[in-house]
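A note on names: the letters A, B, ... follow the listed sequences, proteins ahead of strands, and every chain is numbered from 1. Here the structure is a predicted model, which means the values were calculated and not measured.
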Amino acid sequence: MKSPALTRAPTTLLDRLAEVYPAAECSLAHRSPFELLIATILSAQCTDRRVNLVTPSLFTRYPDTANLSQAELSEVEELIRSTGFYHAKARHLIGCAQGLMQHHHGKVPATLRELISLPGVGRKTANVILGTAFQIPAMVVDTHVSRLAQRFGWTTARDPDRIETELAELLPRRYWITTSHLLIAHGRAFCKAPTPDCSTCPIFALCPRQGVTKSR
DNA sequence: ATCCCGAGGG
DNA sequence: CCCTCTGGAT
């Protein structure tokens, strides 16, 4: 069945974004589900670059779920300090590992419900895991995706859950995770809050909103 | 000073 | 819906 909304699907814009950000999808794809879970929890309010700085030593010290589940809190805190929010994140990492050991045979589950029930895993993190590690259709809605979806006129909703629903209806399932990664990449590079860099934006010509948003 | 690829808790 | 948690980049 073909939804009328699907005709609004901005395929030209997405194709162009895919050209501009060819690596957007695979930036995290090389990680195992375990490593991706850890890296995604660490990425809250923190850039990838800083996450990539601490993960090597973290994974060397705690190669798998069993090791991490028995980690000393203060030791984990020290290893991840530079990513910010380290106290909460360290507790979440260890709590996740313990949850995986107790309820999932030490492995990362592949359902939204099970993922969200892990400490420190919310809807955004869960969808990153599903879409990127398990190739299950998933729409990741973070602050970038919300902002760009609004600027592009794909939604008028503010609530992330509603935005997720609307984008999921707007786009074919196989585009969900790709679109998420492309919007995130573009939101970081040019379409920033509150003032996007429209003058150097590589997709300005295709932007449904060009010039309307206050920009530089 | 101000802002980050969030989640949990009040 | 609000607040808090954190260091680092700009």
Item to check | Per-nucleotide protein contact string for nucleotides 1-6 of chain C (B base, S sugar-phosphate only, - none; heavy atom under 4.0 Å) | outcome: ----BB

Checklist entry - Atom CD1 of A:I80 to atom P of B:dA7: distance rounded to whole Å? => result 15 Å

Checklist entry - Are the side chain of A:N127 and the backbone N or O of A:M139 linked by a donor-acceptor pair below 3.5 Å? => result yes

Item to check | Rounded interatomic separation in angstrom, taking CZ from A:R123 and P from B:dG6 | outcome: 16 Å

Checklist entry - Between A:S32 (side chain) and A:E35 (backbone), is there a donor-acceptor pair under 3.5 Å? => result yes

Checklist entry - Between atom CG in A:D197 and atom P in C:dT10, what is the gap in whole Å? => result 14 Å

Next on the checklist: Could you work out, with side-chain hydrogen bond (donor to acceptor under 3.5 Å, both in side chains) as the rule, every residue matching A:E77, not counting sequence neighbours?
Outcome noted: A:H87

Checklist entry - Picking from A:I129, A:T65, A:L42, A:V128, what satisfies side chain to side chain contact (heavy atoms under 4.5 Å, CB included) with A:L37? => result A:I129

Next on the checklist: Taking A:L167's backbone N and O only, do any of them form a donor-acceptor pair with A:W154's side chain (distance below 3.5 Å, no angle check)?
Outcome noted: no

Checklist entry - How far, in whole Å, is C:dC3 from B:dC3 if one measures between their P atoms? => result 15 Å

Tabulate protein N/O versus nucleotide N/O from nucleotides 8-10 of chain B, keeping only pairs under 3.5 Å, one per line.
{"from": "B:dG8", "atom 1": "OP1", "to": "A:G120", "atom 2": "N", "distance (Å)": "2.7"}

Next on the checklist: Please give the distance between the P atoms of C:dT6 and B:dG10 as a whole number of Å.
Outcome noted: 16 Å

Next on the checklist: Using whole Å, what does the distance between atom P of nucleotide C:dT10 and atom NZ of A:K192 come to?
Outcome noted: 10 Å

Checklist entry - Under 3.5 Å, is there a donor-acceptor pair linking the side chains of A:T111 and A:E114? => result yes

Next on the checklist: Between P on B:dC5 and CG on A:L36, what's the gap in Å once rounded to a whole number?
Outcome noted: 17 Å

Checklist entry - Given atom CG of A:N127 and atom C1' of B:dG6, what is their separation to the nearest angstrom? => result 13 Å

Checklist entry - How are the rings of A:F152 and A:H186 set to each other: parallel, tilted or perpendicular (split at 30° and 60°)? => result parallel

Checklist entry - A:H144 NE2 to B:dC3 C1': how many Å, rounded? => result 11 Å

Next on the checklist: Classify A:A193 by what it touches in the nucleic acid, base, sugar-phosphate, or nothing, heavy-atom distance under 4.0 Å.
Outcome noted: sugar-phosphate

Item to check | Integer-rounded Å distance: C:dG7 C1' and A:R49 CZ | outcome: 13 Å

Checklist entry - Short question: side chain of A:K192, backbone of A:G187 - any donor-acceptor pair under 3.5 Å? => result no

Next on the checklist: With a 3.5 Å distance limit and no angle check, can you tell me whether A:R147 reaches the backbone of A:C191 through a side-chain donor-acceptor pair?
Outcome noted: yes

